[in-house]
Amino acid sequence: MSKIDSKIPDGVLDQKWSKFKSSIPLVNPANKRSLEIIVVGSGLAGSSAAATLAEMGYKVKVFCFQDSPRRAHSIAAQGGINAAKNYQNDGDSVHRLFYDTIKGGDYRAREANVHRLAEVSGSIIDQCVAQGVPLAREYGGMLSNRSFGGTQVQRTFYAAGQTGQQLLLGAYSGLQRQVGLGTVEMFSRHEMLEVVTIDGKARGIIARNLITGKLERHFGHAVLLCTGGYGNVFYLSTNAMGSNVTAAWKAHKKGAFFGNPCYTQIHPTCIPVSGDHQSKLTLMSESLRNDGRIWVPKKMEDVTAIREGKKKAVDIAEDDRDYYLERRYPAFGNLVPRDVASRAAKERCDAGFGINKTGEAVYLDFASNMKYKYGKQEALVKGIQNPTEEQLHALGKEVVKEKYGNLFDMYKQITGEDPYEMPMMIYPAVHYTMGGIWVDYNLMTTVPGLYALGEANFSDHGANRLGASALMQGLADGYFVIPYTIGAYLSNEIRTKAIPTSHEAFDVAEKEVQQRIDKFFAIKGTKSVDFFHKKLGKIMWDKCGMARNDAGLKKAIEDIRQLQKDFWNDVRVPGEANEFNPELEKAGRVADFIELGELMCIDALNRVESCGGHFREESAEVGGDQDGEAKRNDNDFMYVAAWEYKAPNTFELHKEELKYEVIKISQRSYK
Amino acid sequence: MSNSELFTSSIAKKYVMALTGLFLISFLVIHCTINALIFVNDSGETFNAAAHFMSHNIVVRILEVGLFFGLVLHMVQSLILTVANKKARPVQYAVVPGNSSSKWYSRSMGILGSLLLLFLVVHMANFWVPTKQAVFAGEEHNTFEAMKVVFAEWYFVLIYMVGVGSLAYHLMHGFQSAFQTLGINHKKYTPMIKAIGFWFSILVPAIFAAMPIAMHLGLIK
Amino acid sequence: MSGNMNLTLKVWRQKNAEKKGELVTYPVSNISPDMSFLEMFDVLNEQLITENKEPVAFDHDCREGICGMCSMHINGRAHGPKDAVTTCQLHMRSFSDGDTIVVEPWRAAAFPVIKDLVVDRSAFDRIISKGGYISVNTGNAQDANNLPIPKIDADKSFEAAACIGCGACVATCKNGSAMLFVSAKVSQLALLPQGQAEAKQRVISMVNQMDEEGFGSCTNTGACEVECPKGISLENIARLNREFTLASILEEK
């Protein structure tokens, strides 16, 4: 008998959620007032959950490490949010969104969860518009949509290149409203450092006040982790500097299983690393691939000349350019999914064709579309006969500016190069983690009363997330799933009085946290926290990044264990515990990243197949027109890997079989 | 919540500044027009007639009281705001922004206003007080002759130049700022308001400045 | 590497809110022009840690100009010498070899210093909690397209909503005024039909809270608009003035 039960309701797929929803036990309003819920993290999932639960009458406490809940990293999402509204009359439906998401995830997500996600997607847009989120509109006043991530319908709602910001500020305003009404107590600049469990149930947390350094105890009948992804295990990623795995990892060590830790999304279009000083990578929206063509030179001598500064991109003749995505995937061209585009860039750069000094960059070139697509179009509109090349460039530039102006400006600011004149240089970077805390259909982890929402859980994206689906999932979990499903647990907790934080379980947990902090200061080593973080990042990127293999992963596990020893022997944490101390915060996070890194490699080693963002070199197609492409192994690996923490460096695998009742499984082909 | 915010909030205080400011600006128009009559160059005949009307007409007398009230309100309110604004930044920067993000005169309204006030004291001692004395004594005050006497002195001319200079910069910010405070900011009209404000701030002080200079140089007889 | 710079930094150091602070001078060398200003601070901190000194505390998170957390006053300007960027998007190529750079925290009574360059901006959250929202509970919403909104209004609302709440407006204003921040939120909601129901209450209670927090008043110098990384327009302040006055005249309470 498996230790995990996904609690997927019985019945026909498209009725599971509605039937289940109307049968979940309710908590009456008077009882809600005496039930306390702790929400950790204030991004899309956390803010929306906290606001909604407070509206319903629960007593809510929200914690975030930033100085304001509005700063959570959901704010940085650019492109948009999917919803099956079919406003464009292009045949979209709940089923299509469901199908695209499962297929995009390379058949490694739960059918029931994904279908529920698609079902509630429309309500998210309604809710956001009602709360004043200024989504893009057409002249008639109706909402505008764009296409995204290679799907065949236009279902992505957006607010320029700042969709995440606008949605988060919407959720934040709902949260602040509850703060103003006194139903939510907000703890910003607080970091959760331990889950407190009593009789096997989650009953609170230990949090550190980041300003005073004081450890605080907080009780809750339930604890919701909405703490985002762990992409920063790679040191360089598109995540915010503070994004971390600590809350999720503490939960994991207290009994919450970790699902599919190796599933990482590497985004193909990011600004390449410029030097050792690099602290983070910046994403250039996927939408750029609609008009940008990706290439590297065909001839090695051109590559060398470019690297030495003797030639520029524009000097390379058309015939000497290798538009490798168009060459390899004629059907989808530059619009193949993220994982495919990223691997193809890596393949060219590994072969030595990378066009910058580090050898890790390819061109994203707008020149031909600017001139011949938009330029010619504009010339026709303006009635210009036989326009010159310069005229075409100037005319097309205006169109491109209108579409992508803010992204081009951002690129110029960071690199100092003008992308209207020179092609952009891009390279893949870690962007999102599909893996996360394992949760059942109710979003509850394997620890009763402990939930995980949004990117922090593993649930909906399988092995690869489609563009514009992260925002959808975060808000679905917070607004429309947890407010119902938490009733299943809390309806049995109405007799539980608030447990005083003098309970010995709090004593023990706080002591553990205190000891760990003391330990950091006691090491008095010679290297900064960042030094170890960078080392970890390099191991992960080289051996557990875009392509993984048996030998590499085994070596990585060895290296990480060594790094862990070095870290605990030689890290230097300056300052004191009882003050504002960013180095101490980082130390705690990196210590957890190191442990997580090992688990990611163990998971990647275990999964001897290629699926979505996880590419095992041993599992590739050989021969035929699919030569070199990812090869799934449905017979042996159609399961969720849920890892249980047993002891330091020891994890036990539990498998949740994935059953596809509605979807017909096939190979993803973009040829 | 009470209706007090209508009078006590920071925005209400700004409204008072804007309304009194615009009222004072309207006074400038009249003052400037009447004074410009000296340029008729008829030994002050037209000008004195106008001045007589201004000092004896009952409506103008009432408006004059309003003018004083407006001026005092403008000053008092600005003092209150300045004190509050200073309190909003108790610790100053070691390096200040300077002119990189705003115009110096927009940040110096208090100093410009204070200079104007000092100038007003001199100005009123020169003309307003003697006129009033004459009115109360039932005599006719020849303001034109008085101007000749005052502007014969170079230091008075200098004081007046500093006065109208302060006025010019005070208006340069104050004119358009008043409209912004009153909530009038529109893509179509604001450029117009700014242009009018700019030329007003140059023309009116220029006309004021022309009088002492012209008289000092004896161009007006 | 060629083109790299040596700089002198004068950084505000302050142990905590109670202690007095001072500017401390640090030399940094071999700074690449491709670094962001914050990455240059990473270099400084790495250097300080190696020397067994305490690194400089500063706020930062997304490092892509959207979270609004970074907050340095550099050579007398909020977010440094370039217009319309946050500190994290300011790159060292905006400086030259040999420069002396003075870095201070935001200065305002309503933004007390927590440590070094870190200030407390929770006043902004409190202002939002007084009305920077539309009171709609989850599940109450009608279909999103039942309420057509003219594109022009939606776009203007979006432009106001682009505010990242960094506080540069307050930091740069000679009066420490938060009018640009407050007006951006009031405008965003005032421009939308959804925002009308609570418009009067909203503007009054948000302005009251703003005054209570100890921000100064607006004297229309326009510095905030110049320094705002998101280009929030002064038009919004005019709209706030308008909304506030009408509301406080018409409100029956």
Side-chain angles (χ1 to χ4, degrees), chain A residues 51-52 55 66-71 73 75-76 87 123 125-127 129-132 134 136-143 159-160 162 165-166 169 173-174 176-177 179-180 186 188 211 240-242 274-275 277-280 282 410 413-414 416 479 483 528 530 572 574-575 579-580 582-583, chain C residues 16 32 34-35 38-39 42-43 46 49 52-55 57 59-69 85 89 91 93 114-115 118 120-122 124-125 128-130 132-138 140-145 147-151 154 157-158 161-162 165 188-189 192 194-195:
Chain A
T52 307
E55 285 162 11
Q66 297 93 341
D67 74 329
S68 160
R70 67 180 292 153
R71 315 245 189 252
H73 196 54
I75 204 144
Y87 281 162
S123 308
I125 302 302
D126 299 341
Q127 171 65 18
V129 167
Q131 65 190 185
R137 303 235 166 211
E138 306 290 352
Y139 280 101
M142 297 299 157
L143 288 162
Q162 285 145 262
Q165 182 202 23
Q166 293 309 315
L169 293 182
S173 73
Q176 286 305 121
R177 173 174 161 238
V179 171
M186 185 69 222
S188 50
I211 297 176
M241 301 303 288
S274 69
H277 57 265
Q278 194 97 21
S279 61
K280 83 152 269 158
T282 305
M410 186 154 92
Q413 229 151 58
I414 293 172
Y479 280 134
S528 72
D530 280 353
R572 174 182 290 172
E579 63 171 351
F580 188 86
E583 286 298 313
Chain C
N16 55 42
S32 153
D34 288 331
M35 282 182 192
L38 297 184
E39 283 167 348
D42 292 342
V43 171
E46 191 70 37
I49 293 168
N52 224 349
K53 290 180 188 151
E54 246 202 89
D59 265 333
H60 64 110
D61 200 23
C62 80
R63 296 207 178 185
E64 52 184 287
I66 194 76
C67 77
M69 192 126 170
V85 293
Q89 296 288 287
H91 284 73
R93 65 183 81 91
I114 290 172
K115 182 177 184 176
V118 177
D120 178 1
R121 285 168 288 191
S122 53
F124 274 7
D125 289 331
I128 297 294
S129 72
K130 290 291 176 185
Y133 48 74
I134 289 169
S135 297
V136 53
N137 283 2
T138 308
N140 281 351
Q142 58 170 350
D143 185 89
N145 258 354
L147 189 69
I149 299 172
K151 182 171 160 51
S157 173
F158 168 75
Q188 178 204 339
L189 300 176
L192 298 172
Q194 305 93 300

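These figures come from a predicted structure and were not determined experimentally.
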For A:Lys280 and A:Ala240, indicate whether the former's side chain and the latter's backbone hold a donor-acceptor pair under 3.5 Å.
no
I'd like to know which of C:Glu54, C:Gln194, C:Glu39, C:His60 tops the heavy-atom pair count under 4.5 Å against chain A.
C:Glu39
For chain C, the option from A:Glu579, A:Arg177, A:Met241 that forms the most heavy-atom pairs under 4.5 Å
A:Arg177
Just so I understand: if I count every heavy-atom pair under 4.5 Å between each of C:Leu189, C:Asn137, C:Ile134 and chain A, which residue has the most?
C:Asn137
Most contacts with chain C, counted as non-hydrogen pairs under 4.5 angstrom, among A:Gly174, A:Ala51, A:Gly242, A:Ser528:
A:Ser528
Atom CD in A:Gln131, atom OG in A:Ser173: separation rounded to 0.5 Å?
5.0 Å
Closest-packed option against chain C by number of heavy-atom pairs under 4.5 Å, given A:Pro134, A:Pro574, A:Gly140
A:Pro134
Donor-acceptor pair, C:Asn16 side chain versus C:Lys115 backbone, under 3.5 Å?
no
Top contributor to chain C interface from A:Ser123, A:Pro582, A:Ala76 [non-hydrogen pairs under 4.5 Å]:
A:Ala76
Name the region of C:Ser157, side chain, backbone, both or neither, that has any atom closer than 4.5 Å to a heavy atom of chain A.
both
Partner chain C: residue of A:Asp530, A:Val179, A:Leu143 with the largest heavy-atom pair count (under 4.5 Å):
A:Leu143
Between OH on residue A:Tyr479 and CG on residue A:Asp126, distance to nearest 0.5 Å:
12.0 Å
Part of A:Gln413 lying under 4.5 Å from any heavy atom of chain C:
both
Looking only at C:Gln188, C:Lys53, C:Lys151, the option with the highest number of non-hydrogen pairs under 4.5 Å against chain A is C:Lys151
Best-contacting candidate, C:Arg93, C:Met35, C:Gln89, against chain A by heavy atom pairs under 4.5 angstrom
C:Arg93
Using a cut-off of 6.0 Å, state whether more than 12 heavy atoms not belonging to C:Lys130 lie near its atom NZ.
no
Are the side chain of A:Tyr87 and the backbone of C:Asn145 linked by a donor-acceptor contact shorter than 3.5 Å?
yes
Is it true that a side-chain atom of A:Gln278 and a backbone atom of A:Ser274 form a donor plus acceptor pair closer than 3.5 Å?
yes
For chain A, find which of C:Leu192, C:Leu38, C:Asn52 contributes the most heavy-atom pairs closer than 4.5 angstrom.
C:Asn52
Does the A:Glu55 side chain pair with the main chain of C:Thr138, one donor and one acceptor, at a distance under 3.5 Å?
yes
Contact part of A:Gln127 toward chain C, heavy-atom cut-off under 4.5 Å: side chain, backbone, both or neither?
both
Looking at A:Arg71 and C:Asp59, is there a salt bridge between them, counting it only when a charged N and a carboxylate O are closer than 4.0 Å?
no
Restricting to non-hydrogen atoms, name the atom on C:Phe158 and the atom on A:Ala160 that form the minimum distance, rounded to 0.1 Å.
CZ-CB, 3.6 Å
If I measure from the heavy atoms of chain C, does A:His73 come under 4.5 Å with its side chain, its backbone, both, or neither?
side chain
Okay, C:Ile114 and chain A: the region with an atom under 4.5 Å from a heavy atom over there is side chain
Heavy-atom distances under 4.5 Å only: say whether A:Gln66 touches chain C with side chain, backbone, both or neither.
both
Is a side-chain donor or acceptor of A:Gln176 paired with a backbone partner of C:Asp125 at a separation under 3.5 angstrom?
yes
Which bit of A:Glu583 comes within less than 4.5 Å of chain C, counting heavy atoms only: side chain, backbone, both or neither?
side chain
Among A:Met186, A:Met410, A:Gln162, single out the residue with the greatest number of heavy-atom pairs under 4.5 Å to chain C.
A:Gln162
Will you find, in the side chains of A:Thr282 and C:Glu64, an N or O donor that is under 3.5 Å from an N or O acceptor?
no
If we define contacts as heavy-atom pairs under 4.5 Å, which of C:Cys67, C:Ala57, C:Gly195 has the most with chain A?
C:Cys67
